Structure formats: C-alpha cells, structure tokens
Amino acid sequence: MTEFERMAQLLLPDIDKTPEYYENLYPARNLSEGARVVRIAPSPTGYLHLGTLFAALVNRITATSTNGIFFTRIEDTDKKREIEGGIEDIIDGLNRFGITIDEGFVSGTTEKGEYGPYQQSKRAEIYQTFVKDLIAKGLAYPCFCTAEELEQVRENQEKNKIRTGYHGEYARHRNITVDEAEKLIREGKSYVIRLKSPGNEENRITFEDGIKGKIEMPENDEDFVLLKSDGIPTYHFAHAVDDHLMHTTHVIRGDEWISSVPKHIQLFRLLGFKAPKYAHVAPIMKLDNGAKRKISKRKDPEAAVRFFAEQGYESENVIEYLMTIAASDFEDWRRANPDASYKTFKFNLKKMSVSGALFDENKLLDVSKNRIARLKSHEVYEKLCDWAKEFDGEFYEILTKNPDFTKSMLAIDRDDSAKPRKDLAKWNEARDFYAYFFNELYENSYELPENIGGADAVEFLNKYLGIYNPSDDRQEWFGRIKELAPTLGFAAETKEYKANPDAYKGSAGDLSTILRIAITGRRNTPDLCSIMQVLGTDECTKRINDAINSIKR
Ligand code: GLU
C-alpha cells in the first residue's frame with residue numbers, strides 16, 4: 001500500500017466499492033446521434049421561481065429538439081436550508097407548466113430512471129467512493145483547518161494584498177502525512193477533504209460556452225473542498241460525479257456558475273471523466289427605474305411562479321412568453337406556425353440572450369391576450385372556472401350558477417367571430433370585465449359622455465323601449481337606432497354629423513353609447529347587441545327602465 005492508499009483507507013475505511021463498480025452500474029445511454037442529455041438540479045430551499053422554470057424550459061426544449069433526455073436531480077445537500085415540501089413545490093410546479101420530465105423526480109415523491117438515486121442526499125456512498133479513489137491517487141487530502149484559522153489566513157492575505165483562498169503555500173494541509181492525520185483524528189478533530197489542485201494561476205483555460213461563446217479564464221489553483229466534514233459533497237464535486245454517472249452531455253445552468261468552470265473542468269480531468277459541454281443562461285432581468293437588474297426573489301412578486309397562477313395567467317401562456325425571451329427567433333416561427341405546439345420549435349442555444357433577457361409583463365399580457373383570443377367559449381369557461389375555483393370562490397359560484405348563460409356570455413365576439421376580440425389576458429381580469437352580466441356584481445352610476453344631455457338620453461331610451469326587438473341581428477339592431485336618430489335631432493350616419501356638427505346633437509353612435517351605458521354602465525364593451533341577447537328581454541327592459549328613472553335630466 002502506498003502512503004496515499006493508506007490515507008484513503010484511514011479516512012474512508014467503510015467504502016469498499018470502486019469507481020469501476022459505478023461505471024458498470026451506470027452504462028452509457030443508448031441514444032441517437034446528436035441527442036442531448038440535460039437536466040436541472042434544483043435545491044429544495046424555496047418555492048419554484050421564475051429562474052428555475054426558465055432553466056427547466058430551456059433544458060426541456062433542448063432535449064426535445066434533439067430527441068434527448070431531460071431529467072431532474074435534487075440537490076439537497078444543504079439540509080439546514082431545505083424547506084418542507086420543497087421538492088413537491090418545484091416538481092409539481094414544473095408539471096403544471098407542462099414541462100415533461102423524462103427521468104429523475106417526476107413528481108414530488110416519485111423518481112424514475114436507471115441512473116438514480118436522483119437525490120444527492122442518497123448518494124453519499126457514491127461520492128465517497130470517488131473521493132477515496134482521488135485520495136489514493138494523491139489528488140485529494142484531509143484538511144483540519146478550523147473556520148477561525150481559515151478566516152485568519154484570509155485576513156492576512158487581504159492585508160498583504162494577496163489573492164485570498166486556500167491555494168499554493170496557504171494550502172496548509174496539502175502535504176499532511178498519514179501519521180499526522182491519524183493523530184488529529186484520534187484527537188477528535190474534524191476535517192474536510194480537499195482537492196490537491198495541480199493548477200497554476202498563470203495558465204489560462206479556454207472553453208466554448210454554448211450560449212456565450214469562447215471564454216478564457218485562469219486555471220484553478222485552489223484546493224477547494226470536495227467533501228464537507230459530514231461526508232456530504234460540495235456542489236462542485238457532486239456536479240462532476242453526478243453529471244458523469246448520469247451521462248449528461250450539456251450542462252445548461254445559471255451563469256452565476258461561470259466562474260466555477262475552471263474548477264469543474266479540472267475536476268472532470270482529474271477524475272478521468274469527459275467534461276460535458278457548458279451553456280450558461282443569463283438571469284432574467286427587469287427594468288427598475290430605467291436600470292436593468294436581475295429579478296429578485298426578495299423584491300419582485302413575479303419571481304415566485306405562484307404569482308402567475310394567482311393572477312390567473314394560463315401556464316401555457318407563461319411558457320409561450322418565456323419562449324419568446326428564450327429564443328430570439330421564436331416569434332417569427334410563431335407567426336409562421338400559429339397553431340403548432342412550441343415543443344416542435346427547433347431550439348438553438350445560440351439564439352439565447354448573452355446578457356439577460358428582460359422580463360416585460362406588458363409583453364406577457366399581450367402574448368396571453370392573443371392566446372386567449374384563440375380559445376373557444378367552452379375552453380375559456382373551463383379554464384376560467386378552474387382558476388376561479390382555486391382563487392376566487394365567490395366568482396366561481398357566480399360563474400357556475402348557470403353554465404349555459406356564462407358560456408353564451410363568453411361566446412360573444414369569440415365563437416363566431418373571424419377576428420375574435422382580444423380582451424382578457426389573465427383570469428383575474430374577468431370578474432371586473434364581465435361584472436355587468438351578473439346582478440351580484442353589476443353596478444351602474446349612469447355616467448354619460450359630456451356631449452350628451454340627460455334629457456336627450458331619457459327621451460332616446462323611452463323611444464327605444466318602443467322599438468326594441470330582441471330577435472334583431474346586429475345589423476337590424478343598429479338599423480333601428482339609426483332610424484330613430486333623426487326623430488331625436490341626431491344624425492343617422494357619423495359622416496353626416498362630422499360634416500355638419502352644428503346641425504345635430506350627435507350621431508347614432510352616441511345613441512348606442514347611451515344604450516350601452518344604460519345596459520352595462522360602461523362606454524366600452526363587446527358587441528352590445530349580443531350582450532342584450534344574452535341578458536334577455538326582461539333584464540334589458542328592466543335595466544333601460546332603471547336608467548330612465550336614474551339619469552338626471
Ligand atoms: N443547485 C444548483 C443551482 O440551483 C444547480 C446548478 C446546476 O444546474 O448545475 O444553482
């Protein structure tokens with residue numbers, strides 16, 4: 001036994017497997033040429049946030065575009081920061097957004113696939129096997145420095161303007177002997193395992209980032225920690241071991257990891273693994289008083305994906321919007337393929353923003369509006385009721401009291417329209433938008449436009465009651481108002497009125513506004529003739545009479 005092998009045996013006596021054992025257990029995947037194996041590795045330390053959803057989408061669509069695999073792996077090595085139900089929240093959240101997971105955690109409690117366990121806290125023995133091998137090769141060693149000692153070194157480095165960190169001559173236990181280690185362990189001293197970095201700060205490494213292009217950085221010379229004192233790996237080490245054994249081909253992750261790439265590439269090399277391709281996704285940004293900044297979990301409600309559900313954004317519309325910020329060529333594709341699933345879009349990492357795409361809620365509203373305008377009334381009914389059931393129970397009761405009525409309301413300017421009206425973008429707008437259809441919500445303060453006098457309005461409404469025919473179609477409906485116009489001093493045609501404004505009180509259009517206000521309390525609504533048909537003759541007559549009695553003359 002060499003000195004290094006003795007060290008390995010001293011530190012990890014219970015580990016009896018070898019790296020080869022795991023290499024055989026997790027053979028290469030049988031996939032077609034060009035298939036990419038990608039993953040997200042969320043930590044269950046909080047709710048599903050926009051950045052994770054975005055990363056999941058980019059990974060998912062990468063796998064889909066190449067007939068590859070998208071898997072999830074739970075990074076739960078920091079038990080102190082873990083929250084209860086964290087895994088469920090993230091995985092169920094992804095499922096709700098239609099992000100299909102091929103392998104790994106497919107629900108909060110189920111994992112699937114041949115490369116597991118997919119939860120780092122269950123993989124301790126695997127990490128320790130690989131660490132033991134590194135120690136036996138003289139590439140890793142135990143470090144007994146306490147937090148205070150490390151802090152002291154750092155302070156000295158700062159004082160002397162030396163690059164901080166555990167490197168070179170500051171790597172105090174780099175050459176520790178087995179006997180020394182044994183003695184310290186016997187004294188009950190705790191220790192971590194560090195990599196013995198062969199790197200040199202003066203050397204540069206380069207790599208090709210799938211999104212950002214060629215990147216050059218100094219080689220890593222830091223003896224960074226592989227296993228913490230509790231035997232749990234650091235992110236760096238778990239990343240290398242897991243992505244190797246799970247045969248990840250492309251690591252697509254947040255760009256906060258870019259500065260760690262030299263460590264990762266070095267680790268892959270020392271472990272004898274082929275490094276994956278890296279692609280670093282810039283964070284989603286937001287404009288704050290004219291300045292671009294990262295979306296913050298602390299400051300921005302939309303950072304929590306729950307926000308979108310609460311507001312009543314359809315999850316597929318959020319995904320549609322995220323696709324527009326993920327790929328600069330997505331909107332052109334969408335114009336050419338209005339009905340296709342986004343899943344058939346050929347995604348290319350190179351089309352991603354290098355510096356961070358801007359999250360623009362107005363754009364999201366716009367995308368959502370366009371998508372909702374494409375739905376039929378029965379689909380809107382289902383989705384709206386699903387949302388209301390969860391987030392607005394009172395409105396849900398109102399909507400479902402008479403489903404046929406609600407569906408006819410939703411059909412207005414939608415089902416038979418060649419160009420459906422673009423109005424709702426999210427379901428929490430519906431209550432106000434449709435309020436006048438429901439007596440529980442309807443209010444009317446009969447505010448007329450300035451150019452219309454109360455007495456004229458009442459006169460019109462009185463006459464209108466006499467000619468109102470609920471079976472009129474749109475044209476007949478407006479035809480009657482036009483016929484009435486000259487008898488009230490209003491022009492039948494807007495043109496006439498415009499040409500000679502002093503000769504008239506207004507136009508037939510103004511009369512229909514009076515009627516609109518009488519029936520709905522609003523100046524702007526979908527097609528009024530259809531609204532009146534849905535409300536029915538009795539209700540319309542009642543509302544017109546109420547208006548006659550309420551409008552001040
Ligand atoms: N747990 C890491 C994170 O959430 C994973 C990064 C990775 O994808 O490798 O940032």
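Ligands are counted one by one from 1 in listed order, and the atoms in each one are counted from 1 as well. This is a predicted model, so every value here is computed, not measured.
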**Prompt:** Of all the non-hydrogen atoms in the protein, which one sits nearest to atom 9 (O) of ligand 1, and at what distance?
**Reply:** Tyr235 OH, 2.3 Å
**Residue, atom name and distance, where the atom is the protein heavy atom closest to atom 3 (C) of ligand 1** = Trp257 NE1, 3.9 Å
Would you confirm whether the ring centroid of [Y] sits within less than 6.0 angstrom of the ring centroid of [X]?
{"X": "Tyr115", "Y": "His247", "result": "yes"}
{"X": "Phe144", "Y": "Tyr191", "result": "yes"}
{"X": "Tyr235", "Y": "Trp257", "result": "yes"}

**Asked** Which of the atoms of ligand 1 are close to Arg253, meaning less than 4.0 Å from one of its heavy atoms?
**Response** 7 (C), 8 (O), 9 (O)
**Which segment of Arg39 sits under 4.0 Å of ligand 1 when only heavy atoms are counted** = side chain
**Message:** Under 3.5 Å between any N/O of Ala41 and any N/O of ligand 1: does that happen in this structure?
**Reply:** yes
**Prompt:** Tell me, which pairs form a salt bridge (Lys or Arg N to Asp or Glu O under 4.0 Å) where one or both residues lie in residues 46-57, sequence neighbours left out?
**Reply:** none
**Message:** Looking at ligand 1, would Ser43 count as a contact under a 4.0 Å heavy-atom criterion?
**Reply:** yes
**Message:** With the threshold set at under 4.0 angstrom, would you say Glu75 reaches ligand 1 through any of its heavy atoms?
**Reply:** yes
**Message:** Please verify the inter-ring angle class for Phe130 with Tyr22; under 30° counts as parallel, over 60° as perpendicular, anything in between as tilted.
**Reply:** tilted
**Message:** Using a strict threshold of under 4.0 Å (side-chain N to carboxylate O), is an ion pair present between Arg204 and Glu216?
**Reply:** yes
